[in-house]
Amino acid sequence: MKEPTLLDNVFERFLRSTQVFRNREVLRHDYIPGNLPHREEQIRCLGEIVAPVLKGSRCSNVFVYGKTGTGKTAVIKYVLNRLADKAREFGAPVKICYVNCRLAGTEYRIYSSLCNAIGVKVPFTGLALGEVFDRLKAGLDSRKLLLIVILDEIDALIKMRGDMLLYELTRINEALHYSRAAIVGISNDLRFKEFLDPRVLSSLSEEEILFRPYDATELRDILWDRARVAFCDGVLVDGTVDLCAALAAAEHGDARRVLDLLRVAGELAEREGSNFVSEEHIRKAEKRIEHDRIVETLRNLTLHSKFVLCSVYLLRKAKVNYAITGDIYNIYSELCDQLELVPLTQRRVSSLVNELDVIGLLNTRVVSMGRYGRTKKIRLSIARSLIKKTFATDDRLGRLISYAPRCLAEISSGRS
DNA sequence: TGTCCACTGGAACGTACGGCTT
DNA sequence: AAGCCGTACGTTCCAGTGGACA
């Protein structure tokens with residue numbers, strides 16, 4: 001008989017523990033529920049816009065915008081899935097193609113997704129953009145289809161590549177004789193319209209639908225809807241759902257975030273072997289999500305940004321109240337020397353400090369110290385322990401975390 | 001009131017690289 | 001395969017800045 005391993009024990013405990021989730025998939029971002037509370041108006045509006053395709057006419061282009069987690073993608077997928085069902089029922093030649101522009105990345109890949117959706121084969125690469133577009137038009141016309149193209153995160157594409165693709169797509173019907181295409185553009189950025197050519201804008205925005213953020217009451221309804229399916233009966237203690245909703249409402253009414261919060265809280269309860277999810281679990285989940293976000297951000301920094309952050313860390317460790325650009329640059333250069341790397345210029349390091357400020361790892365403020373010049377006061381805005389823990393696992397940075405810079409004594413004598 | 005410090009941050013430019021295009 | 005192009009990353013240069021200090 002084999003001895004049970006550590007992992008066997010983990011699995012055993014999991015299987016024996018009381019069940020928290022009935023169906024945790026319901027809490028994932030990509031799950032499309034059968035009911036979308038507080039989006040009835042948008043559903044009806046989009047439904048009315050796309051309905052003409054059931055009678056063989058082209059529908060208007062639609063421009064949908066709203067912040068992340070306001071239900072744009074879910075509503076559109078929901079409505080167009082239903083439309084596709086109805087179209088099959090009535091034998092209408094409708095084809096729907098969903099493309100996430102940010103994930104697709106290039107115009108070529110977007111065209112090639114559209115080609116694949118209507119059954120036109122194109123190589124992964126190698127063709128001129130114009131050629132792929134021509135094949136799309138030819139393929140579309142020969143199949144006599146009503147194509148609805150959903151371009152999600154369209155703002156990401158425009159910012160990266162300009163609006164050429166949208167210009168071509170909004171004019172595609174001029175080149176078609178037997179088919180018609182309509183575009184549903186989805187944008188997270190409300191100012192995105194400013195980037196568009198007026199001709200593209202007027203064509204794309206034949207109809208517009210706005211998704212405003214959910215408030216706490218609406219988030220609570222959404223959450224209850226999902227929670228009833230996701231969790232076993234009696235698992236959610238009174239007040240947990242309300243707390244989740246309140247926390248997320250305070251941060252721009254993002255429904256995705258609230259679902260994450262509840263899922264992670266449930267997982268924490270599950271691991272503890274608890275048979276209910278309490279407010280305590282929600283608080284822990286919030287900390288866990290924030291912790292994971294910071295660790296992920298730290299890991300993904302470039303080497304030099306890590307060095308800059310490490311310099312601020314070392315200053316803070318030496319009890320220096322605040323750092324200024326010059327100090328940080330001195331320590332940073334010393335760290336580079338240690339690893340035999342050529343340091344970047346102070347100008348560049350100053351930009352890196354700004355970037356670290358923008359992503360919330362540093363807190364900076366431009367100050368004038370009179371005769372002693374104008375500079376920037378820089379502080380850490382995350383816990384020192386988090387940096388230590390994350391960088392300790394890195395070969396090179398692990399050494400630097402415990403390094404004592406020579407210039408530190410001079411700095412700390414002047415400013416502790 | 002003018003000087004001076006220690007930068008800030010904009011602009012122009014160079015280089016490397018990945019991916020598109022022919 | 002090779003050229004082209006856009007982008008990211010970085011450098012160099014420099015005008016501008018706010019307040020202590022003489």
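Order of the sequence lines fixes the chain letters, A, B, ..., with proteins taken first and strands second; residue numbering starts at 1 for each chain. Every value quoted in this text rests on a predicted model; they were computed, and no experiment measured them.
Looking at A:Glu168 and A:Tyr111, their side chains never bring a donor and an acceptor atom within 3.5 Å of each other.
By the 4.0 Å N-to-carboxylate-O rule, A:Arg283 lies too far from A:Glu279 to be salt-bridged with it.
Within 6.0 Å of NZ on A:Lys137 lie more than 12 heavy atoms contributed by other residues, nucleotides or ligands.
A straight line from CD1 of A:Ile110 to P of B:dC20 spans 12 Å, rounded to a whole angstrom. Residue A:Arg374 contributes atom CZ, which lies 9 Å from atom P of C:dG19 at whole-angstrom precision. Spacing between atom OH of A:Tyr329 and atom C1' of C:dT11 amounts to 11 Å, rounded to whole angstrom units. Taking atom CG on A:Asn354 and atom C1' on C:dC9, their separation rounds to 15 Å, with Å as the unit. Rounded to an integer number of Å, the gap from A:Phe133 CZ to B:dT21 C1' is 18 Å. Rounding to whole angstrom units, NZ of residue A:Lys377 and P of B:dT8 are separated by 14 Å. The distance from atom CG of A:Leu344 to atom P of B:dT15 is 17 Å, rounded to the nearest whole Å. Rounded to an integer number of Å, the gap from CG of A:Asp327 to P of B:dC5 is 18 Å.
Aromatic pair A:Tyr65/A:Phe211: centroids not less than 6.0 angstrom apart.
OP1 and OP2 of B:dA6 both lie 4.0 Å or more from every side-chain N or O belonging to A:Thr325. The side chain of A:Arg348 contributes an N or O atom lying less than 4.0 Å from OP1 or OP2 of C:dG10. Checking the phosphate oxygens (OP1, OP2) of B:dG9, a side-chain nitrogen or oxygen of A:Lys376 falls inside 4.0 Å.
Contacts of A:Thr345 with the nucleic acid, taken as non-hydrogen atoms under 4.0 Å apart, include base atoms.
In the set B:dC7, C:dC21, C:dT11, C:dC21 carries the atom at the smallest distance from any side-chain atom of A:Tyr372. With distances taken from any side-chain atom of A:Arg347 to the nucleotides C:dA20, B:dC7, B:dG10, the minimum falls on B:dG10. For A:Val366, counting side-chain heavy atoms from C-beta on, the closest listed nucleotide (C:dA20, B:dC7, B:dT8) is B:dT8.
A cation-pi geometry, defined here as NZ or CZ lying under 6.0 Å from the six-membered ring centre and within 45° of its normal, does not hold between A:Arg24 and A:Tyr31.
Each of A:Arg371 and A:Ser350 was assigned the nucleotide of DNA chain B with the nearest heavy atom; the assignment lying further toward the 5' end belongs to A:Arg371.
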